[in-house]
Amino acid sequence: MPMPSPTSCPVHDALIIGGGLVGASLAIALEPLGLDVGLVEMAPADALPPVFDQRNLSFAEATVNALKALGVLPLLRAPAGQIRRIHVSRVGDFGRICLNARDYEREAFGLVVVARDFGQALDARLTQLTHLTRYRPARFVGLDEAPAGRRAVRISTDTGEQTLQARLLVAADGADSALRAALGIAVERHDYGQTLFVARLQTRQPPDGTAYERLTDHGPTALLPRGDGHYGLVHAVAADAAAAVAGLEDAAFLARVQDHFGWRAGRFLAVGPRSAYPLQRSVATGLTAERAVLVGNAAQAIHPLGAQGFNLGLRDALTLAECIADSPADPGAVDVLERHARRRAEDRQRTLAFSDGLARLTANPSSLLRPLRSLGLVAGDGIGWLQGWLVGGAMGYRGDVPALCRKEVA
């Protein structure tokens, strides 16, 4: 195959494959560096990617700080819900964990934002960037040969295939990343045997800022306080029961969720359209290849228990932007990518271990584990240092935290 001529295709400093939550956030984070950035997006210009649906995103405090600094949160058109308290319990176990933001001199631990609202804010911010080229609708097809110091990719567009070159390729194309596969980076997967139902939930008692997580043998049932006076419902069921649950009428579905969750939030009155997602864990065995790096779900897709998925992915993006800022002359240089991988190691390992360990422990039906889990709930509610550790992780302060996550912007 002949090597593309340097003048026959666009050449970017950084080319991001994937225009979802993390890919778009990275493009915004790179703007102040003045680099020529390309963003390959599957959705057309008049639509949002499918990930920006009615699911609810829980933003940790560190994420809120960063999104303010990036100029995204001010562009939200719908109000966000504040998480002022966190209540965790498990069916069949005694004890519970109750955390209050005021005890940590905070107004809130974080915010709840509807994914579609966030997608619209990201898109509005992307239109303000002056160093970004958006390729949409377009999808990654494969890698091509390129001159030294660059990587080349083929993308498919409405007008046919096109070749692009970049000094750095970024895989932000999700858990089933095509770019990750083309780079030859392996992935370890685990199927939790659970399906997650997500919907808007109306209750007799409106949200008061409490985020509830009720754990069961088949995963969590969570209520997240939205800004529109409803809760964001997250209800996990065994995978083999998912089809039957999906076929329930609204009244029967509400009765099922009420039975699993209990009455702490009052009677459940109505539920909006439901979406279902199988729960699988996928973790890349490496984060980098020659002039290429993985971020977000392409690097790791985790169980939603604890709501750390996007928060972790955003810290991937912001750390990468910081590493590039330290060496902007060559964003794909070996030392830049090695520094990024080194800085991400602790946060990534600790968050992966916490998410996976908690998901497996809390869903294990063994009666032998009930005393252990109950003691953990009691300890988590009563031991100050343990609560502090839990709160620090919940607010996104693990490992080497990017500077924007720590900076509060008025």
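Everything numeric in this text was worked out from a predicted model, so none of it was measured.
Smallest separation of non-hydrogen atoms from L48 and G119: CD2-O, 3.7 Å. Contact record, L294 with A284: CD1-CB, 3.5 Å, taken as the closest heavy-atom pair. In terms of heavy atoms, Y135 sits closest to G38 at CE1-CA, 4.3 Å. When every heavy atom of G227 is checked against every heavy atom of P79, the shortest pair comes out as O-CG, 3.4 Å. The two residues A43 and P49 come nearest to each other via the heavy atoms CB-N, 3.7 Å. Taking every heavy atom of both residues into account, A29 and L70 meet most closely at CA-CD2, 3.8 Å.
Looking at N56, its side chain never comes within 3.5 Å of a backbone N or O of V114 through a donor-acceptor pair. Using modelled atom types, no side-chain atom of R136 and backbone atom of D46 make a donor-acceptor pair closer than 3.5 Å. Side chain of E31 to backbone of A27: no donor-acceptor contact under 3.5 angstrom is found. Remark: side-chain polar atoms of R315 are not paired, donor with acceptor, to backbone N or O of T63 under 3.5 angstrom. Using a distance-only test at 3.5 Å, with no hydrogens or angles considered, no donor-acceptor pair links the side chain of T351 to the main chain of R348. R342 places no side-chain N or O within 3.5 Å of a backbone atom of H340 that could act as its donor or acceptor partner. Remark: side-chain polar atoms of N297 are not paired, donor with acceptor, to backbone N or O of A175 under 3.5 angstrom. With hydrogens and angles disregarded, a donor-acceptor distance shorter than 3.5 Å links the side chain of T285 to the backbone of A186.
Between atom CD1 of residue I83 and atom OG of residue S58 there is a gap of 3.5 Å, rounded to the nearest 0.5 Å. In this structure, L337 CG and D330 CG are separated by 9.0 Å, a value rounded to the nearest 0.5 Å. With rounding to the nearest 0.5 angstrom, the CD1 atom of I155 is 8.5 Å from the OG1 atom of T163. Once rounded to the nearest 0.5 Å, the distance linking OH of Y192 with CZ of R281 reads 5.0 Å. Note that NE2 of H218 is 6.5 Å distant from NE2 of H260, once rounded to the nearest 0.5 Å. In this structure, the separation between CZ on R339 and SG on C323 is 5.0 Å, given to the nearest 0.5 Å.
Between S89 and R264, some side-chain heavy-atom pair lies under the 4.5 Å cut-off. Side-chain atoms of L201 and H230, non-hydrogen and from C-beta on, never get closer than 4.5 Å to each other. For the pair R200/Y231, no side-chain contact is recorded, criterion being any heavy-atom separation below 4.5 Å from C-beta on. Side-chain atoms of T210 and I86, non-hydrogen and from C-beta on, never get closer than 4.5 Å to each other. Taking 4.5 Å as the limit, some side-chain heavy atom of S25 sits within range of a side-chain heavy atom of F310. The shortest distance between side-chain heavy atoms of L57 and L21 falls below 4.5 Å. Using a 4.5 Å heavy-atom threshold, the side chains of L168 and I324 count as touching. Between V40 and L164 there is a side-chain heavy-atom pair separated by less than 4.5 Å.
Between the side chains of H12 and D36, at least one donor-acceptor pair of N or O atoms lies under 3.5 Å. For the residue pair R343/T319, the side-chain donor-acceptor check at 3.5 Å is not satisfied. Between the side chains of H235 and R256, at least one donor N or O lies within less than 3.5 Å of an accepting N or O. Side-chain N/O atoms of S282 and E188 include no donor and acceptor closer than 3.5 Å.
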Output, in order, the C-alpha distance, side-chain angles, deciding distance and verdict of side-chain contact (heavy atoms from CB on, under 4.5 Å) for D250 and R274. CA-CA 10 Å; D250 284 355; R274 294 169 249 157; 2.9 Å; yes
Apply side-chain contact (heavy atoms from CB on, under 4.5 Å) to the pair Q300 and L312, showing each step before the final yes or no. CA-CA 9 Å; Q300 65 277 314; L312 182 63; 3.6 Å; yes
CA sep, side-chain torsions, deciding dist, call: D191, L279, side-chain contact (heavy atoms from CB on, under 4.5 Å): CA-CA 7 Å; D191 189 338; L279 293 184; over 6 Å; no
Starting from the C-alpha separation in whole Å, work towards a yes-or-no answer on side-chain contact (heavy atoms from CB on, under 4.5 Å) for F118 and L67. CA-CA 10 Å; F118 183 54; L67 292 175; 3.8 Å; yes
Could you walk me through whether Q54 and S275 pass side chain to side chain donor-acceptor pair (under 3.5 Å), step by step? CA-CA 8 Å; Q54 287 301 313; S275 301; over 6 Å; no
Is there a salt bridge (charged side-chain N to carboxylate O under 4.0 Å, His left out) between R189 and D176? Walk through the geometry before answering. CA-CA 11 Å; R189 299 185 185 275; D176 295 320; 3.6 Å; yes
Salt bridge (charged side-chain N to carboxylate O under 4.0 Å, His left out) for D173 and R180? Distances and angles first, verdict last. CA-CA 9 Å; D173 51 342; R180 181 187 63 213; over 6 Å; no
Set out, in order, the CA-CA distance, both residues' side-chain angles and the distance that settles ring-ring contact (aromatic ring centres under 6.0 Å, His included) for F268 and F253, then state yes or no. CA-CA 10 Å; F268 297 169; F253 181 80; 9.7 Å; no
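For CZ of R139, the number of neighbouring non-hydrogen atoms (other residues, nucleotides, ligands) closer than 6.0 Å is 12 at most.
Ionic pairing of R102 and E107 is not present here: no N-O contact between side-chain nitrogen and carboxylate oxygen is shorter than 4.0 angstrom. We find that R116 and D53 are not joined by a salt bridge, their nearest charged nitrogen and carboxylate oxygen being 4.0 Å or further apart. One finds no salt bridge joining R226 and D117 here, because no Lys/Arg side-chain nitrogen approaches an Asp/Glu carboxylate oxygen to under 4.0 Å. Contact check on D347 versus R350 returns no salt bridge, with no Lys/Arg side-chain nitrogen under 4.0 Å from an Asp/Glu carboxylate oxygen. Between D208 and R85 there is a salt bridge, with a side-chain nitrogen of the basic residue lying less than 4.0 Å from a carboxylate oxygen of the acidic one. Ion pairing of R151 with D144 is absent here, as no side-chain N (NZ or NE/NH1/NH2) approaches a carboxylate O to less than 4.0 Å.
Scanning for side chain to side chain donor-acceptor pair (under 3.5 Å) contacts around D240 gives an empty result, with sequence neighbours left out. Residues passing the salt bridge (charged side-chain N to carboxylate O under 4.0 Å, His left out) test with R134 are E41, D123, sequence neighbours excluded. Residues satisfying the side chain to side chain donor-acceptor pair (under 3.5 Å) criterion with T159, sequence neighbours excluded, are T157.
Judged by the 6.0 Å and 45° rule, R55 forms a cation-pi pair with Y277.
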